[in-house]
Amino acid sequence: MTQTQPIVVQPGEGRDLHAFGDVISVMLGGAETNQKLTVMFDTTPPGAGPPPHVHSREDELFLVVDGRVSFFVNGGWTEAGPGSAVYLPRGSAHCYKNTGTTPSRQWILTTPSGFEQFFARCADEFARASGPDMEHIVGFAREQGIEFLAQS
């Protein structure tokens with residue numbers, strides 16, 4: 001059932017997904033926003049972050065809360081500290097990395113919704129006793145309209 005009424009999600013009420021070393025708390029997904037928006041809170045350990053990639057289906061907005069996060073956008077790295085906003089329209093090649101010594105924390109908003117489904121499938125893959133099969137993850141990404149790029 002799709003949420004059509006206002007909703008308040010309190011801290012700790014999100015669905016925690018563990019993938020790529022991050023903890024992603026899905027606060028609002030497509031079911032709650034009529035497929036319009038996903039709101040996630042991401043905690044990334046030092047040195048971690050996703051590989052370069054491009055989304056074909058959704059725009060992303062990052063709101064940095066804590067830590068040192070560097071974003072690769074427009075062909076170069078830019079540090080975005082607490083209080084920074086980083087907007088990445090669909091089709092933008094990007095990635096980020098926690099360059100600090102403590103976990104970074106940031107809000108990730110995507111529009112339309114659907115990106116939370118990729119993370120949920122990845123979390124299931126990372127939870128396997130044998131560890132994740134990266135070919136499966138690449139397949140999940142492709143199905144979601146995400147292309148991983150070669151790292152330089």
Side-chain angles (χ1 to χ4, degrees), residues 1-4 7 9 14-99 103-128 131-152:
M1 181 176 196
T2 301
Q3 176 73 31
T4 58
I7 185 172
V9 181
R15 181 173 56 138
D16 286 351
L17 303 173
H18 299 260
F20 306 102
D22 288 20
V23 177
I24 306 202
S25 297
V26 180
M27 303 299 283
L28 298 168
E32 296 82 24
T33 67
N34 205 15
Q35 311 305 318
K36 294 179 182 173
L37 172 71
T38 296
V39 178
M40 301 176 288
F41 192 77
D42 175 53
T43 303
T44 304
H53 61 280
V54 175
H55 299 259
S56 66
R57 296 184 185 168
E58 57 270 322
D59 301 326
E60 280 186 293
L61 174 65
F62 292 82
L63 302 171
V64 180
V65 175
D66 288 316
R68 294 180 52 207
V69 185
S70 289
F71 286 84
F72 185 81
V73 293
N74 299 324
W77 288 93
T78 302
E79 187 164 309
S84 296
V86 178
Y87 172 65
L88 301 166
R90 65 194 77 186
S92 301
H94 66 280
C95 64
Y96 64 86
K97 183 175 183 178
N98 176 350
T99 55
S104 62
R105 300 180 329 128
Q106 58 189 340
W107 288 100
I108 303 174
L109 290 75
T110 64
T111 183
S113 68
F115 190 45
E116 72 278 16
Q117 296 169 13
F118 169 72
F119 274 108
R121 292 179 76 188
C122 288
D124 289 345
E125 191 68 25
F126 274 86
R128 291 174 20 158
D133 180 329
M134 293 311 287
E135 287 185 27
H136 288 164
I137 290 174
V138 169
F140 302 157
R142 192 175 303 115
E143 291 170 14
Q144 187 63 37
I146 300 166
E147 177 187 357
F148 291 113
L149 306 173
Q151 293 185 332
S152 51

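Position 1 is the first residue of the sequence, and the numbers go up from there. The basis for the numbers below is simple: all heavy atoms, side chains too, and nothing from hydrogens, waters or symmetry mates.
- Among all heavy-atom pairs drawn from Pro45 and Gly21, the shortest one is CD-O, 3.3 Å.
- Every residue meeting the ring-ring contact (aromatic ring centres under 6.0 Å, His included) condition with Phe62, not counting sequence neighbours, appears here in chain and number order: Phe71, Tyr96.
- Legend: residues meeting salt bridge (charged side-chain N to carboxylate O under 4.0 Å, His left out) with Glu143, ordered by chain and number and at least two apart, are Arg121.
- The salt bridge (charged side-chain N to carboxylate O under 4.0 Å, His left out) search around Glu125 returns Arg128, not counting sequence neighbours.
- At a threshold of 4.5 Å between non-hydrogen side-chain atoms, the residues Cys122 and Phe20 count as touching.
- Residues Pro112 and Leu37 are not in side-chain contact: their nearest non-hydrogen atoms beyond the backbone lie 4.5 Å or more apart.
- Arg68 is linked by a side-chain contact (heavy atoms from CB on, under 4.5 Å) to Glu79, Thr99, counting only residues two or more places apart in sequence or in another chain.
- Taken from CZ in Phe126 to CG in Asp133, the straight-line distance is 10.5 Å, to the nearest 0.5 Å.
- Remark: Pro82 pairs with no residue by the side-chain contact (heavy atoms from CB on, under 4.5 Å) rule, at least two apart or across chains.
- What you find for Thr111 and Lys36 is that their closest heavy atoms are OG1-O, 2.9 Å.
- Summarising the geometry, atom CG belonging to Leu61 is positioned 10.0 Å from atom CD1 belonging to Ile108; distances are rounded to the nearest 0.5 Å.
- In this structure Asp16 satisfies the salt bridge (charged side-chain N to carboxylate O under 4.0 Å, His left out) test with no other residue, sequence neighbours excluded.
- Closest approach of Trp77 and Ser70 over heavy atoms only: CZ3-O, 3.3 Å.
- Pro132 approaches Ile137 most closely through the heavy-atom pair CB-CD1, 4.0 Å.
- With sequence neighbours excluded, the residues satisfying salt bridge (charged side-chain N to carboxylate O under 4.0 Å, His left out) with Asp59 are Arg90.
- Between Phe115 and Phe118, the ring-plane angle classifies as parallel under the 30° and 60° cut-offs.
- Under the rule for a ring-ring contact (aromatic ring centres under 6.0 Å, His included), Phe148 has no partner lying at least two apart in sequence or in another chain.
- Every side-chain contact (heavy atoms from CB on, under 4.5 Å) that Val9 has, sequence neighbours left out, goes to Ile7, Glu13, Met27, Leu28.
- Of the inter-residue distances, the one linking Asp124 atom CG with Phe140 atom CZ reads 7.5 Å to the nearest 0.5 angstrom.
- Evaluation of the ring pair (Phe, Tyr, Trp, His ring centres under 6.0 Å) test over residues 23-45, restricted to residues two or more places apart or in two chains, returns Phe41-Trp107.
- Scanning both residues, Leu17 and Glu116, for their nearest heavy atoms gives CD1-O, 4.2 Å.
- His53 meets the ring-ring contact (aromatic ring centres under 6.0 Å, His included) test with His55, His94; sequence neighbours excluded.
- With sequence neighbours left out, the side-chain contact (heavy atoms from CB on, under 4.5 Å) criterion links Ser104 to Thr44, Val69, Asn98.
- What you find for Gly30 and Ser113 is that their closest heavy atoms are CA-OG, 3.2 Å.
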